[in-house]
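Reviewing the structure listed below.
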Protein chains: 2
Amino acid sequence: MKNLETKSNKVSLKEIARLSGVSIATVSRVINNTGRFSEETKHRVLNIVKKNNYRTNTLARSLRTKHSNSIGILVPDLTNDFFSKVVQEIEKNLFKVGYSTIICDTQRDPDMENYYLNTLEAKSIDALIVISGDHPFDSDSLTEKVPVLCIDRKPKNKDTIFISSNHKTGALIATQRLIDKGYFPVYVSPDHVSTSRASRISGFKHALELNSIQFTQSNSLELKAPNQESYDKTIEEFLQKNKDKRLGLFCLSDYIAAIAIRQIHKLNLKIPNEIGVIGFDDTKYASLLNPSLTTIHQDTSKIAELSAKTITKMISSPSTDVKKNIEVPVTLVARESA
Amino acid sequence: MKNLETKSNKVSLKEIARLSGVSIATVSRVINNTGRFSEETKHRVLNIVKKNNYRTNTLARSLRTKHSNSIGILVPDLTNDFFSKVVQEIEKNLFKVGYSTIICDTQRDPDMENYYLNTLEAKSIDALIVISGDHPFDSDSLTEKVPVLCIDRKPKNKDTIFISSNHKTGALIATQRLIDKGYFPVYVSPDHVSTSRASRISGFKHALELNSIQFTQSNSLELKAPNQESYDKTIEEFLQKNKDKRLGLFCLSDYIAAIAIRQIHKLNLKIPNEIGVIGFDDTKYASLLNPSLTTIHQDTSKIAELSAKTITKMISSPSTDVKKNIEVPVTLVARESA
DNA sequence: AAGAGTTGAGTAAACGTTTGTACAAAAATA
DNA sequence: TATTTTTGTACAAACGTTTACTCAACTCTT
């Protein structure tokens, strides 16, 4: 038999106070355990609280205290394996230390990004973690009010804390491996270009330099396209045109790598003998592709842990300055594709 | 040169009222465009509002009005391709009609689920959309307060609105295809078992019935396991043991299918000649696997659209009753694997 | 030109908290 | 015992809105 009182929609401090014969203030102090009450009243109040299934109205609380115990996260695309993993891990970390997380998928749309920035600010979030869309994050007005932390994509303002994988080194390692194995190195880049992608490309180029290879047009394959089919076509054409070379594709993401491998199969080229492929991210499908994908592993757990730690530190002691640029090491995971 | 006033942290209705020489009430009415003001004051106030970069404090607003224009979403695992897609699409749909979305990843953890339920309730969300974890969703206390809509996994309470793909039919179609192609049908199920999985299994069994095939132990492969490696092993053993049969694997998700295909390759079995594989979900990697994966396509867009539409209708007119059980058709996408 | 309706405002209460101030009673100190 | 300190509590303001009431000043009706 369910307690009928559960139905009552609104049980406030006032009601609890009335029921237990003390003042609202006392109830509040008991609930927040902020002292100045006797053991006896404590028990009495807590009993009534439980019996009436009282929940603090956090709206009112936040309005009064100016903070909400919640942290906003802006993410450009939740269906992206890397992003969703990072976000999930951050949430897990923050949950452990008592913060609730508000995740907002901006769909890489500046309008939505702004919209959510506003609603989050209006919700008195205690801090903001942002993975920006295709344009560098740039909101000084908010940054003045709450701690802001950027992940993966460099913010416009150099003073904003920024955590990311060491993309450049990752690309360097991958490219060096391709070169070492005698492939003709080519980077394959998708449509969306972010600062992280840029770093990877720069790492790629650096590797060529180190090996005294002159970077030319044929070392890159840019996939400008609205949909996957035209990706397919562009890749196929490129492969056809460069049949003479033993290509080593450094794909800027595992997903691109998967598409490339698919096209390679269509042309009946043998991986890794006739062509090599390396990806980036080490998402959950990397080991499941056929052949399994050699790729650069991003340490999502580390990124998430660092992000959570840093942001909570920034909240609790805004004065102590933290490192502005944190780079998380990446590792190459050698599998079959190169 | 940036406006210095941007820095001021707190500009409230009161301040705007003072600045424009009218009462707070008038400013409020202008901002919400709720009448009872002259064109002249409107312009004056709006100017001041703009100049001072005023933002409504939604906390205060919600506290007063009892609603927040935001909708909570509970999701068991954001790294799951199907879930993240659905959630993203819902968010897009709700955004278009002016709702902001609060996404919470419960990590299939009942504790986190409860925690978020509480914080969401405390935030005065206008409605809740839930994809439950491994246990059917069961929160009548909340359901009494705001509209609740369940997706994909059947809620405990039969009166809760429920939207999902037609899992049973999907499984039926897939299994029938395997049978038609002369395979010995086997369903492959992962660890987590949900009501949606159960429906799929039931569809599978129904297909056997229709074809007068007796369901036995060897028609199922249950992957009870903590990690992917032991998945691998279980699958390998099963394949070895059933070498004599021409197996047709109906995998309860694309991800499982990918793992299975990987093992099949290891044993040098030829797909689709010696063994067939069909998945479920049609996630973005389905077409990229090798061979590409025949699978059951879930219409995430439709599910999302329906969810958004239904929930907004429930909010605006709680009295009109909507269909309690909405099934979204699925389609088979024929590719190479079976 | 008198009454009725409309328009443009202001006042103040309310939403549910937290917290500074106040103060009596009890406890500790001298 | 007289004084100080601590303890337990209440009161009331404040957070930033929305909105039900008022009400004076217009604008129409006849």
Can you tell me how far [atom2] of [N] sits from [atom1] of [X], to the nearest Å?
| X | N | atom1 | atom2 | result |
| --- | --- | --- | --- | --- |
| B:Leu59 | C:dA14 | CG | P | 21 Å |
| A:Arg18 | D:dT9 | CZ | P | 19 Å |
| A:Asn57 | D:dG16 | CG | P | 16 Å |
| A:Arg55 | C:dT17 | CZ | P | 12 Å |
| B:Leu13 | D:dT19 | CG | P | 12 Å |
| B:Lys123 | C:dG16 | NZ | P | 19 Å |
| A:Arg61 | C:dC15 | CZ | C1' | 16 Å |

(Q) Rounded to the nearest 0.5 Å, what separates atom CD1 in A:Ile151 from atom CD1 in A:Ile326? (A) 10.0 Å
Q: Report yes if the side chains of B:Phe95 and B:Ile90 come closer than 4.5 Å at any heavy-atom pair, otherwise no.
A: no
Q) Less than 4.5 Å apart, any side-chain heavy atom of A:Thr106 and any of A:Val75? A) no
Can a side-chain donor-acceptor contact be found between [Y] and [X] if the only test is distance below 3.5 angstrom?
| X | Y | answer |
| --- | --- | --- |
| A:Tyr116 | B:Glu91 | yes |
| B:Arg55 | B:Asn57 | no |
| A:Gln88 | B:Asp105 | yes |

(Q) Looking at A:Ser12, I'd like to know whether one of its side-chain N or O atoms comes within less than 4.0 Å of OP1 or OP2 on C:dC15. (A) no
**Q.** B:Lys66, nearest nucleotide to its side chain (from C:dT17, D:dT17, C:dG16)
**A.** C:dG16
**Q.** Close residues, residues 20-40 of chain A, relative to DNA chain D [heavy-atom separation under 4.0 Å]
**A.** A:Gly21, A:Val22, A:Ser23, A:Ala25, A:Thr26, A:Arg29, A:Arg36, A:Phe37, A:Ser38
Q.
Heavy-atom nearest nucleotide on DNA chain C for A:Leu63 versus A:His67: which residue maps closer to 5'?
A. A:Leu63
Q. Looking only at atom types and distance, does a side-chain atom of A:Ser62 sit under 3.5 Å from a main-chain N or O of A:Leu59, one as donor and one as acceptor?
A. no
Q.
Using a heavy-atom cut-off of 4.0 Å across all strands, would you classify B:Thr41 as base, sugar-phosphate, or nothing?
A. sugar-phosphate
